[in-house]
Amino acid sequence: MTRRGASFALWVAIALGIVPAVVTGHISPFAGFGPGFGLEIESLNFLPPEVCLVVFLLGIAVCVFLRRFVLMPLLLPWLALAFYPAERLTDKLPSAWEAQEKLYENQKLSLESAELPNINSLRDRIGGITYTDTGLFRFERDELLDELGGISKTIGEWDNTGNQRAKKIAAQINALKPKIVQANAHIRLIDKALRDLAIASRFSFGLANKVVGEKLKQGRNKVVRHRDALESKRRALRVELSTLQKARSRSEGALAELRNLDARIQTYLWASDAYKAWQVSMVYKVLCLAVLVALLWTFPLTSPVYLLLLGASLIGALLYAEGALSYRLWLIVQFLMLCFGLRIARLLVQENGPLLLRQSGSFLLKSFRKTMIFYLPFLMLLVAGLAASWQVNRLIDAHLYSLDIMADADPKAPRRHNIDRAVSAYFDEQEQAAFGMLDSLDAQAKSSPKAVAAAIMSFYETEVPETLPDIEPEMAPPGCSGFLPWVFQTASCAETSVKEPLNEAYADKREAERERLDRTTQGYAELAGTGAANLVDIAREDLSSTFHDMETAVKKQLGVIYAVVDIYAWVSWFVLILVVIKSLMYIFARVFFGAQANGERVIQFELESEPRQAGRVRDVPDRLDLTPEMGEVMYVTKRYDFANAPPDEVTPQARRAFFSRFLRGAWHMNRIWTGARVVGAAPYRRLPADEHIVVWTLKPGDAVIFSWKQFVGMSDRIGIRTRYSWQLASLVFGRMLYVVACVDPDAPGDGTLLLSARGSDGTDGEESPSNSPDQLLAWQTTTRFEMHAKLSFRNVYRSGVQIRAFGKELAVMHSNVQRQRSGAARFLTCFFLPV
């Protein structure tokens, strides 16, 4: 393999190492912001780790062979893929809302669990938490351990022995109650006997019953002492039982706290693992971004290396990634926008940096101040547009949160989270209502397959509305058909475009689930005949599955709507940023070049101190003859017929300037051999009175900018290339895409370029007129221009500029009927783009 082939293979390997990041959208600096709501890459099948490691080692070997050690770090993504799966390298940090949902889910599972968390296991898991501050949760490990110790101590106050002791005390108290009652009964009998004895003693003068009375009093005192002893014992037992009951109550609360702590620790562990995975993915993202910047700095967007990367990413997104197709393709589009933005940033620095660095700081500061003064109207429009967008968002929120289904929404949470939560809450309520209906069936109905099936279908038909407006009347589309309503009722049509597909998705899924549920319930009789489990439990699972599927369908349709909104938002923001940069640079260019011109402040596309060797330019007003001096072979656009030249269609340099040539009808051309003669005559074309042909002879190394609109033909020595420019000069000229005709410096002879014009000026190179850039027919890439324009608010926004070539430098003007472009006012409409 040659060194050139090895270098190309190395760059291809470097580019393909970032394919997983491109397919998943992870390479974007904004990846990870906003929930996917069902639109995400579920899995990605990439090359086996062994293959990735081999590619990395081979790449290192090629770097050593080529002595290009600086490229070795760009192979690190392959090393990462050798040790981590592609999904792990593109993990995203969950949002705070997702973290709270995870905590709520873990708490629910912990409360429903029949097993009690083990304290020693919890202590070990606390010690295993790597990150205590993940941006999702923040806690102190020592505080968790202290909390666990307190719970453990509280639980230790109550065990099985305490439970048995409480039961024994309760039995003793219950046994003492009849004895105390019996003692009180004895006391009452003795008291009655003493009263009777007192009455009898009145008639016997107290002599007959004195001994009996003493004995009764002694017996009563003995019974009272016995009763008091029983009551004292009962009070003591009640105090001990109360103490045990308090300990039991504290223990039960501690058990609830223990379950809650278990759920929190599980969530902290999940957040710590997610944070660790996110750190790994961020390192991979930085590596991939570095590779992408290196690729875009080294190669243009149309290079084979970049096209191979894009093709591999498309194939990977379509064939090797699982997830929503629209979302996968949108990620590729997002990647293209990122590449385009990085390329523009590079061109801004590379093409304008040298010119600006040659200027004095005071001049640049003065020019910038004047630019910002002229830019004030655009700034006010920008602020007004952003304020209008913010107000529209407020109105959307106000309308959204007024819906009944959004009654429990949290205004502080993101809008999409609230919508997602409202959808989940609605279907949870439907599920619980269905379970309540099944529980309310009597015992006979629960054992009857027909009764259970009929109850399910009756509930589904009556409680699951057929359309979304039956759930929430505000979900009815306002109606919009045809083109005119989009012009006069844009807001209503936009609302319809969102609500109609959502209603259709709900109605279709509702009908599909009804049919599935009907088929499922018809099989209950067979299940009952085979002695299956409780039919009510089976019905619960079927209903739960039904509501889950409907909830998923609604959320996926919402995800599609969110994706469309995101695409529009991304594109509109991207366009707005470009418009802001372009309009700001246009006004700066007017100020910059409007100052007194000097050798360091001229308009020039290729920054060379002196123009290259100038070719020859001549104007042909009546008849154009194609002679061998122009070139052995001429390629002529099919719009022009030449006498004595039978059509011979070819496609010269098919990959060069493809789109602009195709749009202008200059991709296919007719080939004319100037030496071949038909009936002894050379090929020629007679020109109408209002048409001229400019014949530009290019010397080896010359490069001329022209437009396909005026293109007539070229010789075989002419090479075509396209140049995309963000120079200040390009903005003054009003366009950023240029077609360049050039002749290789090592070419054996001159090249010829034929252009159509309505009269021409500046062909002799002695005197160049001052005119609008729209009148430029062609000019050398090294031609220097000075700009003539009035610097005032009205002229900057309403008037264009004029330019004039320096000295004898070649810049051909022609009488273009196109209206001269206005000034900065042409950017005004772009600032009304809603975002």
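Worth saying up front: this structure is predicted, and the values here are computed from it rather than measured.
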(message) Under a 3.5 Å cutoff, is there a donor and acceptor pairing between the side chains of Arg655 and Thr302?
(response) no
(request) Evaluate the side chain to side chain donor-acceptor pair (under 3.5 Å) criterion for residues Arg664 and Ser707: first the C-alpha distance (whole Å), next the side-chain angles of each, then the deciding distance (0.1 Å), finally the verdict. (result) CA-CA 10 Å; Arg664 289 293 182 180; Ser707 171; 5.6 Å; no
(message) In this structure, is the centre-to-centre distance between the rings of Trp779 and Phe733 below 6.0 Å?
(response) yes
(message) As a quick check of understanding, evaluate side chain to side chain contact (heavy atoms under 4.5 Å, CB included) for Ser730 and Gln727, giving each step before the final call.
(response) CA-CA 5 Å; Ser730 301; Gln727 292 186 77; 3.9 Å; yes
(message) Side chains of Gln802 and Ser772: any donor to acceptor distance under 3.5 Å?
(response) no
(message) Can you confirm whether Val739 sits close enough to Arg721 that some side-chain heavy atom of one is under 4.5 Å from a side-chain heavy atom of the other?
(response) no
(request) Check Trp11 against Leu295 and note the closest heavy-atom contact, atom names and distance. (result) CE3-CD2, 3.6 Å
(message) Let me confirm one number: the OG-CZ distance from Ser303 to Phe8, rounded to the nearest 0.5 Å.
(response) 8.5 Å
(message) Main chain of Leu791, side chain of Asn795: is a donor-acceptor contact present, judged purely on distance under 3.5 Å?
(response) no
(request) Before giving the answer on side chain to side chain contact (heavy atoms under 4.5 Å, CB included), spell out for Arg616 and Lys699 the whole-Å C-alpha distance, their side-chain angles and the decisive distance to 0.1 Å. (result) CA-CA 8 Å; Arg616 301 186 306 275; Lys699 297 292 184 181; 3.4 Å; yes
(message) Tell me if a side-chain donor or acceptor on His788 pairs with a main-chain N or O of Arg804 at a distance below 3.5 Å.
(response) no
(message) Using the salt bridge (Lys or Arg N to Asp or Glu O under 4.0 Å) criterion, which residues pair with Arg723? Sequence neighbours excluded.
(response) Glu351
(request) Check Ala741 against Phe706 and note the closest heavy-atom contact, atom names and distance. (result) CB-CE2, 3.5 Å
(request) Check side-chain contact (heavy atoms from CB on, under 4.5 Å) between Ser715 and all other residues, then give those that pass, not counting sequence neighbours. (result) Met634, Arg717, Ile718, Thr752
(message) Just verifying a value: how many Å separate Leu382 CG and Leu376 CG, rounded to the nearest 0.5 Å?
(response) 12.0 Å
(message) If we ignore hydrogens and angles and just use 3.5 Å, is the side chain of Gln653 paired with the main-chain N or O of Ile720 as donor and acceptor?
(response) yes
(message) I'd like to check Leu301 versus Cys339 (side-chain heavy atoms, cut-off strictly below 4.5 Å). Are they in contact?
(response) yes
(message) I need the minimum non-hydrogen distance between Leu296 and Arg346, along with the two atoms involved.
(response) O-NH1, 3.4 Å
(message) Before we go on, tell me: are the rings of Tyr738 and Phe605 under 6.0 Å apart, centre to centre?
(response) yes
(request) Quick one: closest heavy-atom pair of Cys742 and Leu698, and the distance? (result) CA-CD2, 4.2 Å
(message) Using 0.5 Å steps for rounding, measure from the CD atom of Gln604 to the CZ atom of Arg784.
(response) 6.5 Å
(request) Indicate yes or no: at least one non-hydrogen side-chain atom of Pro377 is less than 4.5 angstrom from one of Phe793. (result) yes
(request) For the residue pair Ile332 and Ser313, establish whether any side-chain heavy-atom pair is separated by less than 4.5 Å. (result) yes
(request) Answer with yes or no after comparing the ring centroid distance for Trp708 and Phe711 against a 6.0 Å cut-off, counting only values under it. (result) yes
(message) Measuring from atom CE of Met72 to atom CG of Leu10, what distance do you get when rounded to the nearest 0.5 angstrom?
(response) 9.5 Å
(request) Classify the ring geometry between Phe574 and Phe340 as parallel (under 30°), tilted (30 to 60°) or perpendicular (over 60°). (result) tilted
(message) Between Phe659 and Phe662, is the ring-ring contact (aromatic ring centres under 6.0 Å, His included) condition met? List the steps.
(response) CA-CA 5 Å; Phe659 291 105; Phe662 185 81; 8.3 Å; no
(message) Is there a side-chain contact between Thr371 and Val591 in this structure, where contact means two heavy atoms from C-beta onward sitting under 4.5 Å apart?
(response) yes
(request) Specify the closest pair of heavy atoms between Thr90 and Pro20, including all atoms of both residues, with the distance to one decimal. (result) CG2-O, 4.2 Å
(message) Quick check: closest heavy atoms across Ile603 and Ala729, and the distance to 0.1 Å?
(response) CG2-CB, 3.2 Å
(request) State, yes or no, whether a side-chain contact exists between Leu755 and Val712 at a heavy-atom distance under 4.5 Å. (result) no
(request) Check whether any side-chain N or O of Ser7 sits under 3.5 Å from a backbone N or O of Arg4 as a donor-acceptor pair, and report yes or no. (result) no
(request) Quick one: pull up CZ in Arg590 and NZ in Lys370 and give me the separation to the nearest 0.5 Å. (result) 12.5 Å
(request) Using the side-chain hydrogen bond (donor to acceptor under 3.5 Å, both in side chains) rule, pick out the option among Lys709, Glu691, Gln710 that qualifies with Ser756. (result) Glu691
(message) Does Phe69, at its CZ atom, have more than 12 non-hydrogen atoms belonging to other residues, nucleotides or ligands within less than 6.0 Å?
(response) yes
(request) First locate atom CE of Met787, then atom CG of Leu728, and finally report the distance between them rounded to the nearest 0.5 Å. (result) 10.5 Å
(message) Show, in sequence, the C-alpha distance, side-chain angles and deciding distance for Phe592 and Val732, and conclude whether the side chain to side chain contact (heavy atoms under 4.5 Å, CB included) test is met.
(response) CA-CA 11 Å; Phe592 183 84; Val732 170; over 6 Å; no
(message) So Pro652 and Met669, do their side chains get closer than 4.5 Å, heavy atoms only?
(response) yes
(message) Under a 3.5 Å distance rule, please check whether Tyr797 uses its side chain to pair with a backbone N or O of Phe374 as donor and acceptor.
(response) yes
(message) Suppose we screen for side-chain contact (heavy atoms from CB on, under 4.5 Å). Which residues come up paired with Arg369, at least two apart in sequence or across chains?
(response) Leu365, Lys366
(request) Keeping the roles fixed (side chain from Asp619, backbone from His692), state whether a donor-acceptor pair exists under 3.5 Å. (result) no
(request) For residues Phe368 and Phe588, establish whether the separation of their ring centroids is below 6.0 Å. (result) no
(message) Determine whether Leu338 and Leu342 satisfy the following criterion, side chain to side chain contact (heavy atoms under 4.5 Å, CB included), listing intermediate values before the conclusion.
(response) CA-CA 6 Å; Leu338 174 64; Leu342 290 175; 4.2 Å; yes
(message) For the backbone of Ala654 and the side chain of Thr651, can you confirm whether one donor and one acceptor N or O come within less than 3.5 Å of each other?
(response) no
(message) Is any side-chain heavy atom of Leu357 closer than 4.5 Å to one of Pro354?
(response) no
